[in-house]
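Heads up: the structure comes next, in C-alpha coordinates.
Chain identifiers are assigned alphabetically (A, B, ...) following the order of the sequence lines, protein sequences preceding nucleic acid strands; residue numbering begins at 1 within each chain.
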2 protein chains.
Amino acid sequence: MSEQKYLENYDKQEFEAPLITVDSVLFTCHEGELKVLLVERANHPEQGKWGLPGGFVDLQLDSSLSDSALRRLKEKTGVIPPYIEQLKTYGGPQRDKRGWSVTVCYSALVSFQACKSHIDSVADVQWVSVEQLNYIELAFDHRQLIVDARERLRQKALYSIVPAYALPEVFTLPELQQVHELLIGKALQKKSFRRRIEQAELLIDTGDKRSERGRPASLYRMKADAGGFNFIRNLEY
Amino acid sequence: MSEQKYLENYDKQEFEAPLITVDSVLFTCHEGELKVLLVERANHPEQGKWGLPGGFVDLQLDSSLSDSALRRLKEKTGVIPPYIEQLKTYGGPQRDKRGWSVTVCYSALVSFQACKSHIDSVADVQWVSVEQLNYIELAFDHRQLIVDARERLRQKALYSIVPAYALPEVFTLPELQQVHELLIGKALQKKSFRRRIEQAELLIDTGDKRSERGRPASLYRMKADAGGFNFIRNLEY
DNA sequence: ATAATAGTGTCTTTCAGACATTATCTA
DNA sequence: TAGATAATGTCTGAAAGACACTATTAT
(Lines give C-alpha, C1' and ligand atoms only; values in the text may rest on other atoms or scores of the structure.)
Protein backbone atom coordinates (compact mmCIF):
# COMPACT_ATOMS: atom_id res chain seq x y z
CA MET A 1 0.00 0.00 0.00
CA SER A 2 1.29 3.47 -0.80
CA GLU A 3 1.64 6.10 1.88
CA GLN A 4 -1.05 8.16 0.19
CA LYS A 5 -3.56 5.29 0.28
CA TYR A 6 -2.62 4.66 3.91
CA LEU A 7 -3.28 8.27 4.84
CA GLU A 8 -6.63 8.31 3.02
CA ASN A 9 -7.79 5.27 4.96
CA TYR A 10 -6.27 6.29 8.29
CA ASP A 11 -8.81 6.31 11.10
CA LYS A 12 -7.77 8.46 14.02
CA GLN A 13 -10.35 6.85 16.26
CA GLU A 14 -9.14 3.30 15.65
CA PHE A 15 -7.13 3.17 18.87
CA GLU A 16 -8.25 4.70 22.11
CA ALA A 17 -6.09 7.74 22.81
CA PRO A 18 -5.42 9.69 25.99
CA LEU A 19 -7.06 13.03 26.67
CA ILE A 20 -4.55 15.79 26.14
CA THR A 21 -4.46 19.22 27.73
CA VAL A 22 -1.98 22.06 28.15
CA ASP A 23 -1.68 23.80 31.54
CA SER A 24 0.49 26.65 32.78
CA VAL A 25 1.90 27.66 36.13
CA LEU A 26 2.02 31.45 35.91
CA PHE A 27 4.02 33.14 38.68
CA THR A 28 4.35 36.74 39.69
CA CYS A 29 5.95 38.62 42.56
CA HIS A 30 3.82 41.13 44.46
CA GLU A 31 4.17 42.72 47.86
CA GLY A 32 7.06 40.49 48.77
CA GLU A 33 5.20 37.29 47.97
CA LEU A 34 5.45 34.73 45.20
CA LYS A 35 2.01 34.17 43.70
CA VAL A 36 0.43 31.70 41.29
CA LEU A 37 -2.51 32.33 38.99
CA LEU A 38 -5.51 30.07 39.68
CA VAL A 39 -8.77 29.71 37.78
CA GLU A 40 -12.05 28.46 39.21
CA ARG A 41 -13.31 25.51 37.21
CA ALA A 42 -16.70 26.26 35.69
CA ASN A 43 -17.32 22.73 34.43
CA HIS A 44 -16.98 19.11 35.43
CA PRO A 45 -14.83 17.37 36.34
CA GLU A 46 -13.56 18.99 39.55
CA GLN A 47 -16.19 21.70 39.10
CA GLY A 48 -15.81 24.55 41.59
CA LYS A 49 -12.24 23.68 42.52
CA TRP A 50 -9.42 26.00 41.60
CA GLY A 51 -6.84 24.91 39.08
CA LEU A 52 -4.22 26.06 36.61
CA PRO A 53 -5.14 28.00 33.48
CA GLY A 54 -5.24 25.57 30.59
CA GLY A 55 -7.39 23.16 28.68
CA PHE A 56 -7.65 21.03 25.59
CA VAL A 57 -5.57 21.82 22.54
CA ASP A 58 -7.71 23.41 19.82
CA LEU A 59 -6.63 21.80 16.57
CA GLN A 60 -7.91 24.79 14.61
CA LEU A 61 -6.66 27.65 16.79
CA ASP A 62 -3.37 26.30 18.06
CA SER A 63 -0.40 25.71 15.80
CA SER A 64 1.89 24.52 18.58
CA LEU A 65 1.72 23.51 22.23
CA SER A 66 3.14 26.83 23.42
CA ASP A 67 0.53 28.58 21.27
CA SER A 68 -2.12 26.73 23.19
CA ALA A 69 -0.60 27.66 26.55
CA LEU A 70 -0.22 31.31 25.57
CA ARG A 71 -3.77 31.48 24.21
CA ARG A 72 -5.16 30.38 27.59
CA LEU A 73 -2.92 32.76 29.50
CA LYS A 74 -3.99 35.65 27.27
CA GLU A 75 -7.64 34.76 27.90
CA LYS A 76 -7.17 34.78 31.66
CA THR A 77 -4.74 37.67 32.14
CA GLY A 78 -5.25 39.88 29.09
CA VAL A 79 -1.56 39.74 28.21
CA ILE A 80 1.06 37.42 26.73
CA PRO A 81 3.59 36.77 29.50
CA PRO A 82 7.18 37.78 28.63
CA TYR A 83 8.59 34.45 29.78
CA ILE A 84 7.30 30.95 29.16
CA GLU A 85 9.15 27.66 29.23
CA GLN A 86 8.00 24.10 28.87
CA LEU A 87 8.22 22.40 32.26
CA LYS A 88 7.25 18.77 31.99
CA THR A 89 4.51 16.49 30.68
CA TYR A 90 2.43 14.42 33.05
CA GLY A 91 0.43 11.37 32.02
CA GLY A 92 -1.39 8.45 33.56
CA PRO A 93 -4.72 6.71 34.00
CA GLN A 94 -5.55 8.22 37.38
CA ARG A 95 -4.95 11.94 37.15
CA ASP A 96 -8.26 12.72 35.43
CA LYS A 97 -11.48 10.82 36.19
CA ARG A 98 -12.40 10.80 32.51
CA GLY A 99 -9.57 8.39 31.81
CA TRP A 100 -5.93 8.13 30.74
CA SER A 101 -4.84 11.73 30.36
CA VAL A 102 -1.80 13.77 29.49
CA THR A 103 -1.04 17.38 30.30
CA VAL A 104 1.83 19.36 28.86
CA CYS A 105 2.77 21.83 31.59
CA TYR A 106 4.38 25.22 31.01
CA SER A 107 5.93 27.56 33.53
CA ALA A 108 5.53 31.30 32.92
CA LEU A 109 6.27 34.65 34.53
CA VAL A 110 4.56 38.02 34.31
CA SER A 111 4.49 41.27 36.25
CA PHE A 112 1.59 41.83 38.62
CA GLN A 113 0.89 45.25 37.11
CA ALA A 114 0.65 44.01 33.52
CA CYS A 115 -2.51 42.05 34.22
CA LYS A 116 -3.94 43.73 37.31
CA SER A 117 -6.86 45.48 35.61
CA HIS A 118 -7.90 42.43 33.61
CA ILE A 119 -7.76 40.09 36.59
CA ASP A 120 -9.59 42.53 38.86
CA SER A 121 -12.43 42.59 36.33
CA VAL A 122 -13.24 38.88 36.50
CA ALA A 123 -14.31 36.72 39.44
CA ASP A 124 -12.98 33.31 38.45
CA VAL A 125 -9.29 34.23 38.25
CA GLN A 126 -7.03 35.13 41.16
CA TRP A 127 -3.45 35.33 42.31
CA VAL A 128 -2.77 33.03 45.26
CA SER A 129 0.42 33.29 47.28
CA VAL A 130 2.36 30.06 47.51
CA GLU A 131 1.79 30.10 51.28
CA GLN A 132 -2.00 30.18 50.92
CA LEU A 133 -1.89 27.30 48.45
CA ASN A 134 -1.83 24.83 51.31
CA TYR A 135 -5.32 25.83 52.34
CA ILE A 136 -6.94 25.55 48.92
CA GLU A 137 -8.22 22.36 47.34
CA LEU A 138 -6.77 22.15 43.87
CA ALA A 139 -8.05 20.27 40.83
CA PHE A 140 -6.33 17.19 39.40
CA ASP A 141 -2.59 16.95 40.17
CA HIS A 142 -2.14 20.70 39.86
CA ARG A 143 -0.58 20.99 43.30
CA GLN A 144 2.25 18.78 42.09
CA LEU A 145 2.67 20.77 38.88
CA ILE A 146 3.05 23.94 40.95
CA VAL A 147 5.62 22.27 43.23
CA ASP A 148 7.62 21.14 40.20
CA ALA A 149 7.40 24.53 38.49
CA ARG A 150 8.55 26.24 41.67
CA GLU A 151 11.50 23.90 42.03
CA ARG A 152 12.55 24.53 38.43
CA LEU A 153 12.27 28.27 38.94
CA ARG A 154 14.31 27.94 42.11
CA GLN A 155 17.10 26.33 40.12
CA LYS A 156 16.88 29.08 37.51
CA ALA A 157 17.26 31.66 40.28
CA LEU A 158 20.62 30.10 41.14
CA TYR A 159 22.16 30.55 37.70
CA SER A 160 20.12 33.11 35.74
CA ILE A 161 18.06 36.27 36.12
CA VAL A 162 14.93 34.72 34.62
CA PRO A 163 13.01 35.62 37.83
CA ALA A 164 13.21 39.26 36.66
CA TYR A 165 10.26 38.48 34.38
CA ALA A 166 8.08 38.30 37.49
CA LEU A 167 8.78 42.03 37.99
CA PRO A 168 7.66 45.09 36.02
CA GLU A 169 9.75 46.02 33.01
CA VAL A 170 11.65 48.51 35.13
CA PHE A 171 12.88 47.42 38.55
CA THR A 172 15.60 47.93 41.14
CA LEU A 173 18.37 45.53 42.05
CA PRO A 174 17.09 45.09 45.62
CA GLU A 175 13.70 44.14 44.16
CA LEU A 176 15.30 41.57 41.90
CA GLN A 177 17.35 40.20 44.77
CA GLN A 178 14.17 39.84 46.81
CA VAL A 179 12.51 37.70 44.12
CA HIS A 180 15.57 35.49 44.01
CA GLU A 181 15.54 35.18 47.78
CA LEU A 182 11.86 34.24 47.74
CA LEU A 183 12.53 31.53 45.19
CA ILE A 184 15.73 30.20 46.71
CA GLY A 185 14.34 30.47 50.23
CA LYS A 186 17.48 32.01 51.65
CA ALA A 187 19.01 35.45 52.11
CA LEU A 188 21.67 36.30 49.53
CA GLN A 189 24.80 38.40 49.80
CA LYS A 190 24.01 41.79 48.31
CA LYS A 191 27.52 42.15 47.00
CA SER A 192 27.70 38.76 45.31
CA PHE A 193 24.31 39.23 43.72
CA ARG A 194 25.09 42.65 42.27
CA ARG A 195 28.61 41.77 41.19
CA ARG A 196 27.67 38.86 38.98
CA ILE A 197 24.85 40.77 37.30
CA GLU A 198 27.10 43.76 36.68
CA GLN A 199 29.92 41.64 35.29
CA ALA A 200 27.60 39.80 32.93
CA GLU A 201 26.14 43.13 31.78
CA LEU A 202 22.60 41.80 31.81
CA LEU A 203 20.78 45.01 32.73
CA ILE A 204 20.47 48.52 31.35
CA ASP A 205 20.56 51.38 33.82
CA THR A 206 17.62 53.62 32.90
CA GLY A 207 19.28 56.55 34.65
CA ASP A 208 16.18 57.04 36.82
CA LYS A 209 15.97 56.29 40.49
CA ARG A 210 13.13 55.31 42.79
CA SER A 211 12.91 56.76 46.26
CA GLU A 212 10.91 55.52 49.25
CA ARG A 213 12.51 55.47 52.69
CA GLY A 214 16.29 55.65 52.46
CA ARG A 215 18.66 56.11 49.60
CA PRO A 216 16.98 55.94 46.17
CA ALA A 217 17.64 52.81 44.13
CA SER A 218 18.68 52.84 40.49
CA LEU A 219 16.12 51.55 38.03
CA TYR A 220 17.08 48.96 35.46
CA ARG A 221 15.51 47.07 32.59
CA MET A 222 16.65 43.71 31.19
CA LYS A 223 18.72 43.55 28.03
CA ALA A 224 16.99 41.72 25.21
CA ASP A 225 18.88 38.44 25.60
CA ALA A 226 19.40 38.56 29.37
CA GLY A 227 16.81 35.84 30.04
CA GLY A 228 18.85 33.35 28.03
CA PHE A 229 22.09 33.96 29.93
CA ASN A 230 23.35 31.34 32.37
CA PHE A 231 26.10 31.97 34.90
CA ILE A 232 28.74 29.25 34.94
CA ARG A 233 28.66 29.15 38.71
CA ASN A 234 25.55 28.74 40.86
CA LEU A 235 24.73 30.69 43.96
CA GLU A 236 24.96 28.55 47.10
CA TYR A 237 21.84 27.01 48.51
CA MET B 1 -25.63 17.84 36.76
CA SER B 2 -23.58 15.80 39.20
CA GLU B 3 -20.01 14.88 38.43
CA GLN B 4 -21.01 11.24 38.32
CA LYS B 5 -23.68 11.86 35.69
CA TYR B 6 -21.22 14.00 33.75
CA LEU B 7 -18.66 11.21 33.71
CA GLU B 8 -21.22 8.61 32.63
CA ASN B 9 -22.20 10.74 29.66
CA TYR B 10 -18.71 11.90 28.77
CA ASP B 11 -17.79 11.18 25.17
CA LYS B 12 -14.05 11.08 24.58
CA GLN B 13 -14.52 11.36 20.85
CA GLU B 14 -16.62 14.52 21.01
CA PHE B 15 -13.69 16.80 20.21
CA GLU B 16 -10.98 15.97 17.74
CA ALA B 17 -7.79 15.27 19.67
CA PRO B 18 -4.15 15.19 18.57
CA LEU B 19 -2.33 11.90 18.01
CA ILE B 20 -0.02 11.22 20.89
CA THR B 21 3.19 9.22 20.92
CA VAL B 22 6.20 8.72 23.18
CA ASP B 23 9.68 8.61 21.64
CA SER B 24 13.14 8.17 23.16
CA VAL B 25 16.62 9.23 22.18
CA LEU B 26 18.80 6.45 23.55
CA PHE B 27 22.53 7.19 23.60
CA THR B 28 25.52 5.02 24.23
CA CYS B 29 29.28 5.43 23.97
CA HIS B 30 31.21 2.80 22.02
CA GLU B 31 34.68 2.81 20.46
CA GLY B 32 35.13 6.47 21.17
CA GLU B 33 31.92 7.49 19.46
CA LEU B 34 28.58 8.76 20.71
CA LYS B 35 25.80 6.65 19.20
CA VAL B 36 22.01 6.85 18.96
CA LEU B 37 19.60 3.93 18.67
CA LEU B 38 17.50 3.98 15.51
CA VAL B 39 14.66 1.72 14.41
CA GLU B 40 13.56 1.06 10.86
CA ARG B 41 9.89 1.93 10.42
CA ALA B 42 7.91 -1.13 9.35
CA ASN B 43 4.68 0.74 8.70
CA HIS B 44 3.33 3.93 7.20
CA PRO B 45 3.79 6.79 7.53
CA GLU B 46 7.49 7.28 6.75
CA GLN B 47 7.74 3.54 6.07
CA GLY B 48 11.32 2.38 5.52
CA LYS B 49 12.89 5.47 7.08
CA TRP B 50 14.78 5.19 10.32
CA GLY B 51 13.44 6.85 13.43
CA LEU B 52 13.51 6.86 17.20
CA PRO B 53 12.15 3.95 19.24
CA GLY B 54 8.66 4.85 20.38
CA GLY B 55 5.02 4.80 19.44
CA PHE B 56 1.51 5.30 20.69
CA VAL B 57 0.74 5.06 24.37
CA ASP B 58 -1.00 1.80 25.19
CA LEU B 59 -3.80 2.68 27.61
CA GLN B 60 -3.85 -0.89 28.92
CA LEU B 61 -0.13 -1.60 29.19
CA ASP B 62 1.27 1.79 30.19
CA SER B 63 0.55 3.36 33.55
CA SER B 64 2.66 6.45 32.91
CA LEU B 65 4.49 8.16 30.08
CA SER B 66 7.88 6.93 31.25
CA ASP B 67 6.40 3.42 31.41
CA SER B 68 5.53 3.73 27.77
CA ALA B 69 9.02 4.96 26.85
CA LEU B 70 10.68 2.19 28.86
CA ARG B 71 8.43 -0.50 27.39
CA ARG B 72 9.52 0.44 23.85
CA LEU B 73 13.17 0.61 24.84
CA LYS B 74 12.94 -2.80 26.46
CA GLU B 75 11.36 -4.19 23.28
CA LYS B 76 14.15 -2.82 21.10
CA THR B 77 17.21 -3.36 23.32
CA GLY B 78 16.23 -6.17 25.65
CA VAL B 79 17.02 -4.08 28.73
CA ILE B 80 15.69 -1.20 30.82
CA PRO B 81 18.22 1.62 30.52
CA PRO B 82 19.69 2.80 33.84
CA TYR B 83 19.06 6.46 33.04
CA ILE B 84 15.99 8.08 31.53
CA GLU B 85 14.83 11.66 31.73
CA GLN B 86 11.96 13.48 30.12
CA LEU B 87 13.38 15.85 27.52
CA LYS B 88 10.60 17.88 25.94
CA THR B 89 7.22 17.52 24.27
CA TYR B 90 6.75 18.48 20.65
CA GLY B 91 3.38 19.24 19.07
CA GLY B 92 1.94 20.76 15.95
CA PRO B 93 -0.19 20.16 12.85
CA GLN B 94 2.72 19.53 10.47
CA ARG B 95 5.06 17.08 12.14
CA ASP B 96 3.02 13.97 11.25
CA LYS B 97 1.11 13.65 7.98
CA ARG B 98 -1.80 12.03 9.80
CA GLY B 99 -2.61 15.34 11.48
CA TRP B 100 -2.05 17.41 14.61
CA SER B 101 0.32 15.30 16.68
CA VAL B 102 2.18 15.37 19.95
CA THR B 103 5.23 13.39 21.00
CA VAL B 104 6.61 13.25 24.51
CA CYS B 105 10.34 12.78 24.07
CA TYR B 106 12.64 11.07 26.56
CA SER B 107 16.42 11.01 26.64
CA ALA B 108 18.08 7.83 27.90
CA LEU B 109 21.50 6.27 28.35
CA VAL B 110 22.68 2.67 28.34
CA SER B 111 25.94 0.79 27.98
CA PHE B 112 26.72 -0.72 24.60
CA GLN B 113 27.45 -4.10 26.17
CA ALA B 114 24.13 -4.36 28.00
CA CYS B 115 22.15 -4.64 24.79
CA LYS B 116 24.73 -5.88 22.28
CA SER B 117 23.42 -9.42 21.92
CA HIS B 118 19.79 -8.36 21.61
CA ILE B 119 20.49 -5.68 19.02
CA ASP B 120 22.76 -7.97 17.00
CA SER B 121 19.90 -10.45 16.76
CA VAL B 122 17.46 -8.16 14.96
CA ALA B 123 17.76 -6.36 11.65
CA ASP B 124 15.57 -3.32 12.18
CA VAL B 125 17.47 -1.82 15.10
CA GLN B 126 20.94 -0.28 14.97
CA TRP B 127 23.32 2.09 16.72
CA VAL B 128 24.24 5.05 14.53
CA SER B 129 27.08 7.37 15.45
CA VAL B 130 26.09 11.00 15.65
CA GLU B 131 28.47 11.71 12.76
CA GLN B 132 26.73 9.26 10.45
CA LEU B 133 23.34 10.75 11.30
CA ASN B 134 23.85 13.46 8.69
CA TYR B 135 23.76 10.87 5.93
CA ILE B 136 20.56 9.12 7.00
CA GLU B 137 17.04 10.26 6.22
CA LEU B 138 15.11 10.31 9.47
CA ALA B 139 11.36 10.06 10.05
CA PHE B 140 9.22 12.97 11.26
CA ASP B 141 11.14 15.64 13.21
CA HIS B 142 13.36 13.03 14.85
CA ARG B 143 16.55 14.75 13.73
CA GLN B 144 15.52 17.75 15.79
CA LEU B 145 14.69 15.61 18.81
CA ILE B 146 18.16 14.10 18.65
CA VAL B 147 19.77 17.54 18.38
CA ASP B 148 17.83 18.72 21.43
CA ALA B 149 18.62 15.59 23.44
CA ARG B 150 22.28 15.93 22.61
CA GLU B 151 22.33 19.56 23.66
CA ARG B 152 20.68 18.69 26.97
CA LEU B 153 23.17 15.91 27.58
CA ARG B 154 25.97 18.30 26.73
CA GLN B 155 24.77 20.61 29.46
CA LYS B 156 24.55 17.70 31.90
CA ALA B 157 28.15 16.81 31.09
CA LEU B 158 29.17 20.26 32.33
CA TYR B 159 27.70 19.89 35.82
CA SER B 160 27.05 16.19 36.51
CA ILE B 161 28.38 12.71 35.80
CA VAL B 162 25.13 11.54 34.21
CA PRO B 163 27.08 10.60 31.05
CA ALA B 164 28.55 7.71 33.07
CA TYR B 165 25.31 5.83 32.34
CA ALA B 166 26.46 5.52 28.72
CA LEU B 167 29.31 3.32 30.00
CA PRO B 168 29.36 -0.19 31.48
CA GLU B 169 28.69 -0.46 35.19
CA VAL B 170 32.43 -0.53 35.83
CA PHE B 171 34.62 1.99 34.05
CA THR B 172 37.82 3.99 34.34
CA LEU B 173 38.13 7.72 34.87
CA PRO B 174 39.81 8.28 31.49
CA GLU B 175 36.86 6.51 29.87
CA LEU B 176 34.41 8.74 31.68
CA GLN B 177 36.39 11.81 30.74
CA GLN B 178 36.29 10.72 27.10
CA VAL B 179 32.48 10.53 27.13
CA HIS B 180 32.31 14.01 28.60
CA GLU B 181 34.72 15.28 25.97
CA LEU B 182 32.62 13.72 23.21
CA LEU B 183 29.52 15.42 24.55
CA ILE B 184 31.06 18.79 25.30
CA GLY B 185 33.07 18.74 22.09
CA LYS B 186 36.26 19.90 23.75
CA ALA B 187 39.27 18.41 25.53
CA LEU B 188 39.09 18.66 29.30
CA GLN B 189 41.81 19.09 31.87
CA LYS B 190 42.48 15.68 33.35
CA LYS B 191 43.25 17.17 36.73
CA SER B 192 40.11 19.33 36.95
CA PHE B 193 37.92 16.47 35.85
CA ARG B 194 39.28 14.01 38.40
CA ARG B 195 39.45 16.50 41.24
CA ARG B 196 35.80 17.46 41.20
CA ILE B 197 34.64 13.85 40.99
CA GLU B 198 36.92 12.85 43.85
CA GLN B 199 35.87 15.74 46.05
CA ALA B 200 32.19 15.03 45.49
CA GLU B 201 32.78 11.34 46.29
CA LEU B 202 30.57 10.17 43.44
CA LEU B 203 32.39 6.95 42.58
CA ILE B 204 33.42 3.79 44.36
CA ASP B 205 36.87 2.41 43.63
CA THR B 206 36.38 -1.29 42.95
CA GLY B 207 40.03 -1.96 43.80
CA ASP B 208 40.52 -3.59 40.41
CA LYS B 209 42.50 -2.12 37.56
CA ARG B 210 42.34 -2.48 33.80
CA SER B 211 45.52 -2.71 31.78
CA GLU B 212 46.03 -2.18 28.04
CA ARG B 213 49.06 -0.23 26.87
CA GLY B 214 50.54 1.88 29.65
CA ARG B 215 49.78 2.20 33.31
CA PRO B 216 46.63 0.35 34.36
CA ALA B 217 43.63 2.53 35.23
CA SER B 218 41.56 2.08 38.37
CA LEU B 219 38.06 0.77 37.87
CA TYR B 220 35.11 2.56 39.44
CA ARG B 221 31.37 2.17 39.71
CA MET B 222 28.86 4.94 40.41
CA LYS B 223 27.45 5.43 43.87
CA ALA B 224 23.69 4.94 44.02
CA ASP B 225 22.77 8.62 44.06
CA ALA B 226 25.65 9.91 41.92
CA GLY B 227 23.43 10.53 38.91
CA GLY B 228 21.39 13.05 40.86
CA PHE B 229 24.38 15.10 41.97
CA ASN B 230 25.01 18.50 40.40
CA PHE B 231 28.24 20.45 40.80
CA ILE B 232 27.71 24.08 41.71
CA ARG B 233 30.23 25.17 39.14
CA ASN B 234 30.19 24.19 35.47
CA LEU B 235 33.16 23.15 33.41
CA GLU B 236 34.11 25.71 30.78
CA TYR B 237 32.82 25.35 27.27
C1' DA C 1 21.07 64.17 63.57
C1' DT C 2 18.90 59.60 62.95
C1' DA C 3 16.94 55.89 60.71
C1' DA C 4 16.55 53.50 56.63
C1' DT C 5 17.85 51.78 52.54
C1' DA C 6 21.33 51.55 48.46
C1' DG C 7 25.61 50.62 47.11
C1' DT C 8 31.07 49.76 47.59
C1' DG C 9 35.77 47.96 49.34
C1' DT C 10 38.24 44.27 50.31
C1' DC C 11 39.69 40.06 52.37
C1' DT C 12 38.80 35.14 52.36
C1' DT C 13 37.48 30.82 50.33
C1' DT C 14 36.52 27.69 46.78
C1' DC C 15 37.35 25.49 42.76
C1' DA C 16 38.59 25.14 37.79
C1' DG C 17 42.54 25.84 34.24
C1' DA C 18 47.23 24.98 32.98
C1' DC C 19 50.91 22.20 32.75
C1' DA C 20 54.97 19.98 34.62
C1' DT C 21 56.08 15.85 37.06
C1' DT C 22 55.83 11.19 38.73
C1' DA C 23 53.96 6.28 38.58
C1' DT C 24 53.14 1.82 36.51
C1' DC C 25 52.27 -1.00 33.03
C1' DT C 26 53.93 -3.68 28.16
C1' DA C 27 57.04 -4.67 24.48
C1' DT D 1 65.00 0.81 28.59
C1' DA D 2 61.48 3.21 25.80
C1' DG D 3 56.90 4.27 24.96
C1' DA D 4 52.38 4.67 26.50
C1' DT D 5 48.95 5.75 29.49
C1' DA D 6 47.36 6.90 34.46
C1' DA D 7 47.67 9.78 38.19
C1' DT D 8 49.54 13.74 41.08
C1' DG D 9 51.68 18.44 42.53
C1' DT D 10 51.20 22.93 42.46
C1' DC D 11 50.66 27.54 40.77
C1' DT D 12 47.33 30.83 38.82
C1' DG D 13 43.01 33.04 38.12
C1' DA D 14 38.06 33.73 38.40
C1' DA D 15 34.25 34.34 40.98
C1' DA D 16 31.35 33.75 45.25
C1' DG D 17 30.88 34.49 50.55
C1' DA D 18 31.36 37.51 54.47
C1' DC D 19 31.03 41.71 56.37
C1' DA D 20 32.49 46.32 57.37
C1' DC D 21 32.10 50.63 55.37
C1' DT D 22 30.27 54.71 52.73
C1' DA D 23 26.35 57.23 50.25
C1' DT D 24 21.88 59.34 49.80
C1' DT D 25 17.46 60.03 50.82
C1' DA D 26 13.23 61.38 54.36
C1' DT D 27 11.79 63.02 58.80
From CA spacing to verdict: side chain to side chain contact (heavy atoms under 4.5 Å, CB included), Leu52(A), Leu38(A): CA-CA 5 Å; Leu52(A) 296 172; Leu38(A) 294 184; 4.3 Å; yes

Donor-acceptor contact present, side-chain Glu85(A) to main-chain Ser107(A), <3.5 Å: no

Interface with DNA chain C, restricted to residues 183-209 of chain A and to heavy atoms under 4.0 Å: Lys190(A), Lys191(A), Arg194(A), Arg195(A), Glu198(A)

Donor-acceptor contact present, side-chain Arg194(B) to main-chain Gln177(B), <3.5 Å: no

Worked verdict on Thr89(A) versus Val102(B) for side chain to side chain contact (heavy atoms under 4.5 Å, CB included): CA-CA 11 Å; Thr89(A) 300; Val102(B) 168; over 6 Å; no

Salt-bridge criterion met for Arg154(A) and Glu151(A) (N-O under 4.0 Å): yes

Minimum heavy-atom distance Lys209(A)-Ser218(A), with the two atoms named: NZ-OG, 3.1 Å

First of Leu235(B) and Glu212(B) reached from the 5' end of DNA chain C, by closest nucleotide: Leu235(B)

Ile84(B) versus Leu70(B), closest heavy-atom pair with distance: CD1-CD2, 3.8 Å

Sidechain-backbone polar pair: Arg71(A) side chain, Val57(A) backbone, donor-acceptor under 3.5 Å: no

Whether Phe229(B) and Phe231(B) hold their rings parallel, tilted or perpendicular, with breakpoints at 30° and 60°: perpendicular

By side chain to side chain contact (heavy atoms under 4.5 Å, CB included) - contacts of Lys88(B) (at least two apart): Gln86(A), Tyr90(B), Asp148(B)

Minimum side-chain heavy-atom gap Val39(A)-Arg72(A) below 4.5 Å: no

Plane angle bin for Phe112(A) and Trp127(A) - parallel if under 30°, tilted between 30 and 60°, otherwise perpendicular: tilted

Side-chain donor/acceptor of Thr77(B) to backbone N/O of Val79(B), under 3.5 Å: yes

Start and end of the DNA chain D segment that chain B contacts, any atom under 4.0 Å from a heavy atom: dA4(D) to dT10(D)

Residues from residues 225-233 of chain A lying under 4.0 Å of DNA chain C - heavy atoms: Arg233(A)

Sole candidate of Tyr106(A), Phe27(A), Tyr165(A) that passes ring-ring contact (aromatic ring centres under 6.0 Å, His included) when paired with Tyr83(A): Tyr165(A)

Residue closer to the 5' end of DNA chain D, Ser218(B) versus Gly214(B) (nearest nucleotide): Gly214(B)

Residue pair Met222(B) / Gly227(B): nearest heavy atoms and the distance that separates them: CE-N, 3.8 Å

Within residues 169-177 of chain A: residues closer than 4.0 Å to DNA chain C (heavy atoms): Pro174(A)

First and last nucleotide of DNA chain C, 5' to 3', lying under 4.0 Å from heavy atoms of chain A: dA4(C) to dT14(C)

